[in-house]
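Fair warning: this is a prediction, and the values are worked out from it, not measured in the lab. The sequence lines fix the lettering, A, B, ..., with proteins before strands; numbering per chain opens at 1.
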Amino acid sequence: MIDLKLLSRDFDTVVSKLQKKRVSEEILSQLQDFYKEYKEKKSELEKAQALQNEKSKLFGVYKREGKDIGELKKEVGENKKRVAFFTDVMRESEEKLETLLSQVPNIPDDAVPEGVDESENEILETILTPREFSFTPKAHYELESWLDFERGTKLAKSRFTVIRGKGAKLERALINYMLDFNRSCGFDEVSVPILTNSNSLFGTGQLPKFEEDLFKIEGEDLYLIPTAEVSLTNLFNDEILKSEELPIQITSATPCFRKEAGSGGRDIRGIIRQHQFYKVELVAVTKPEDSNEMLDKMVSCVSKMLTELEIPHRKVLLCGGDLGFSAQKTIDIEVWLPSQEKYREISSISNTGDFQARRAKIRYKDGKKNRLVHTLNGSSLAVGRTLVAIMENFQTENGEIEIPKVLEKYV
RNA sequence: GGACAGAUGGCCGAGCGGUUGAAGGCGCACGCCUGGAACGCGUGUGUAGUGAAAGCUACCGAGGGUUCGAAUCCCUCUCUGUCCGCCA
């Protein structure tokens with residue numbers, strides 16, 4: 001959530017910054033009005049409550065002194081109605097405020113370029129040159145027989161895939177390799193639930209706005225996680241961390257589940273866009289002043305790993321229009337796919353600033369004061385897409401697939 | 001899934017329906033004491049909102065209810081513990 005105090009203090013700045021994310025001024029000005037209204041209503045309520053408390057205390061005194069209570073009772077009865085009235089009014093106003101506020105995305109960092117979609121993202125750096133093929137490279141779904149789409153669909157539905165043989169082994173090798181690599185970058189491995197409740201999903205910003213993209217467990221307040229970011233970040237939900245605990249750096253390998261509602265017919269072939277996929281995730285919790293440095297650290301960690309894996313890739317700074325709901329600044333890492341002759345996203349690393357911290361109430365003790373932390377998250381790599389990248393970049397003319405050297409000891 | 005027990009501040013632990021935001025202890029911070037420390041003594045020490053501040057308001061697992069007034073009484077839910085059942 002954005003900071004309402006900042007909005008009311010410096011309305012114009014917030015409006016201009018949020019224009020990058022195409023949030024209309026109208027919504028923000030409505031929000032500002034609601035906030036003002038809410039504060040007024042709350043203040044009225046508090047006044048009535050104060051009176052009620054004060055008068056109620058007199059009952060004890062009167063009783064002790066043997067005084068008559070009748071008059072007082074009548075007086076307090078009147079005020080009670082006021083309290084009830086303002087409670088209702090205030091609650092209504094609060095609900096309106098929260099409904100609106102929880103839909104407003106994070107304020108982009110000043111470094112975020114203007115732009116409406118991915119075509120206006122800024123390419124920061126390109127690493128490794130794509131190899132020259134002496135033959136026409138095949139798409140990953142045309143190679144080998146690791147991927148069994150028919151049976152995945154039979155077991156579940158379309159966009160579920162069975163991976164067999166060396167492919168299955170390679171997938172597991174990648175997970176192990178990535179976790180080991182992350183540990184060497186200072187991230188501690190954690191094993192977390194892959195179902196979380198709505199409060200956790202609210203904390204990281206998936207709810208309430210993106211419910212249609214989540215798989216929900218019927219009859220329970222539980223959802224399959226769309227990313228381990230939800231579990232890892234909410235580990236600290238409603239906590240006040242000690243200053244010396246920061247920064248926290250953790251990593252986890254989990255399956256992720258997404259309905260891909262609205263993705264239409266995109267990437268229908270292959271395993272680039274699946275309802276279920278493994279992803280190794282990085283999460284960091286830092287003091288506000290350290291978060292941008294941590295973002296760079298995470299990006300370079302992921303990039304180094306891809307370099308070790310010998311996969312050509314590039315770093316891309318997302319423009320305002322392509323920035324996710326919770327993100328303040330995001331750097332995507334894209335890998336080269338020979339069959340598409342394109343770079344495709346394999347990792348997305350974001351600094352969410354205090355946006356998630358405010359929603360999830362994650363704070364730290366700064367001397368006497370409690371301050372909101374900054375949270376960051378990033379795919380250390382989407383495992384399925386890494387598999388695709390390896391298959392396509394390491395294919396040989398006779399359709400076999402070689403394996404990056406660093407993975408040899410893992411398979 | 002069934003039965004019983006419980007849920008209070010960083011922790012332990014009191015708490016008759018009325019100066020209890022909450023005794024007491026531990027821990028922690030600061031000060032005094034000391035050559036230095038321990039001991040001892042003193043002061044302070046939850047979260048959030050609002051306000052320039054004093055203060056005011058809310059919060060004793062969560063949500064409702066009774067009452068002028070609820071940590072305290074009633075209802076629902078959640079969680080934890082123990083026993084039974086089931087089970088990787």
Side-chain angles (χ1 to χ4, degrees), chain A residues 1-10 31-98 100-102 191-203 207 216-223 231 234-246 248 254-255 354-373:
Chain A
M1 277 180 308
I2 62 163
D3 185 1
L4 272 177
K5 276 188 229 165
L6 180 70
L7 180 74
S8 53
R9 196 180 340 114
D10 201 354
L31 198 54
Q32 193 186 29
D33 292 345
F34 281 179
Y35 184 46
K36 200 171 155 220
E37 181 189 318
Y38 162 75
K39 284 211 297 198
E40 280 162 9
K41 298 287 156 60
K42 192 166 180 189
S43 159
E44 285 297 323
L45 171 64
E46 284 183 3
K47 269 187 231 157
Q49 281 172 325
L51 185 68
Q52 191 76 358
N53 289 343
E54 191 191 322
K55 294 287 177 188
S56 291
K57 272 180 195 162
L58 288 177
F59 278 83
V61 178
Y62 277 33
K63 252 187 189 169
R64 235 173 288 136
E65 292 172 358
K67 279 195 191 161
D68 180 51
I69 273 166
E71 187 68 17
L72 189 60
K73 201 161 185 168
K74 218 169 116 187
E75 200 180 329
V76 165
E78 298 279 309
N79 189 60
K80 200 186 173 184
K81 282 182 210 150
R82 258 178 82 78
V83 172
F85 173 73
F86 280 113
T87 302
D88 287 348
V89 171
M90 205 276 293
R91 194 171 296 173
E92 203 180 297
S93 162
E94 189 176 12
E95 263 169 41
K96 257 195 327 195
L97 185 69
E98 263 170 19
L100 200 63
L101 182 62
S102 61
S191 173
V192 290
I194 60 172
L195 270 70
T196 62
N197 59 32
S198 52
N199 185 53
S200 296
L201 286 152
F202 178 83
L207 287 179
K216 189 178 195 308
I217 305 296
E218 198 181 335
E220 303 257 6
D221 179 33
L222 287 172
Y223 298 78
S231 306
N234 282 291
L235 240 26
F236 311 103
N237 191 299
D238 200 23
E239 292 196 17
I240 300 169
L241 302 163
K242 292 192 189 105
S243 172
E244 53 285 10
E245 288 178 84
L246 301 175
I248 292 167
T254 67
D354 62 14
F355 187 82
Q356 292 180 327
R358 186 171 292 108
R359 291 170 87 98
K361 302 188 197 78
I362 310 175
R363 296 143 292 171
Y364 77 103
K365 272 257 184 271
D366 182 22
K368 281 251 166 198
K369 271 196 171 165
N370 296 325
R371 290 172 69 198
L372 293 168
V373 297

> In residues 39-46 of chain A, what residues come within less than 4.0 Å of RNA chain B, judged by heavy atoms?
Replying inline: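 Going residue by residue through residues 39-46 of chain A, the ones with a heavy atom under 4.0 Å of RNA chain B turn out to be A/K39, A/K42, A/E46.
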
Which part of the nucleic acid, if any, lies within contact of [X], taking any heavy atom under 4.0 Å across all strands shown: a base, the sugar-phosphate backbone alone, or nothing?
{"X": "A/K242", "result": "nothing"}
{"X": "A/Q52", "result": "sugar-phosphate"}
{"X": "A/K81", "result": "nothing"}
{"X": "A/N79", "result": "nothing"}
{"X": "A/R91", "result": "sugar-phosphate"}

>> Which is more 5' along RNA chain B, the nucleotide nearest A/N370 or the one nearest A/A50? Just name the residue.
In response: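 By nearest-heavy-atom nucleotide position, the 5'-most residue is A/N370.
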
>> Nearest heavy atom decides the nucleotide; on that basis, is A/K80 or A/L58 closer to the 5' end of RNA chain B?
In response: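 This one resolves to A/L58.
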
Nearest to the side chain of [X], heavy atoms from C-beta on, is which of [options]?
{"X": "A/K5", "options": "B/U47, B/U50, B/C68", "value": "B/U50"}
{"X": "A/N53", "options": "B/A48, B/A58, B/U50", "value": "B/A58"}
{"X": "A/R363", "options": "B/A48, B/G69, B/U50", "value": "B/A48"}

Can you tell me, in whole Å, how much space there is between the [atom1] of [N] and that of [M]?
{"N": "B/C73", "M": "B/G18", "atom1": "P", "result": "12 Å"}
{"N": "B/G65", "M": "B/C84", "atom1": "C1'", "result": "35 Å"}
{"N": "B/G9", "M": "B/A3", "atom1": "C1'", "result": "33 Å"}
{"N": "B/A62", "M": "B/U8", "atom1": "C1'", "result": "15 Å"}

> Could A/E239 and A/R363 be called an ion pair, given the rule that one side-chain N must be under 4.0 Å from one carboxylate O?
Replying inline: no

> Dot-bracket for RNA chain B, 5' to 3', counting Watson-Crick or G-U wobble pairs under 3.5 Å, with [ ] for crossing pairs and | for inter-strand pairs?
Replying inline: ((((((((.[[[..)..(.....]]]((((((.......))))))(((((....))))).[[[[[..)....]]]]])))))))....

> Closest approach of A/R82 and A/E44, non-hydrogen atoms and distance?
Replying inline: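 Between these two residues, the closest heavy atoms are NH2-OE1, 3.7 Å.
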
> Taking all non-hydrogen atoms of both residues, which atom of A/D221 and which atom of A/S198 are closest, and how far apart?
Replying inline: OD1-OG, 2.8 Å

>> Check whether A/S102 reaches the backbone of A/E98 with its side chain - one donor and one acceptor, N or O, closer than 3.5 Å.
In response: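 Answer holds: yes.
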
> Between the side chains of A/K361 and A/N237, does any donor sit under 3.5 Å from an acceptor?
Replying inline: no

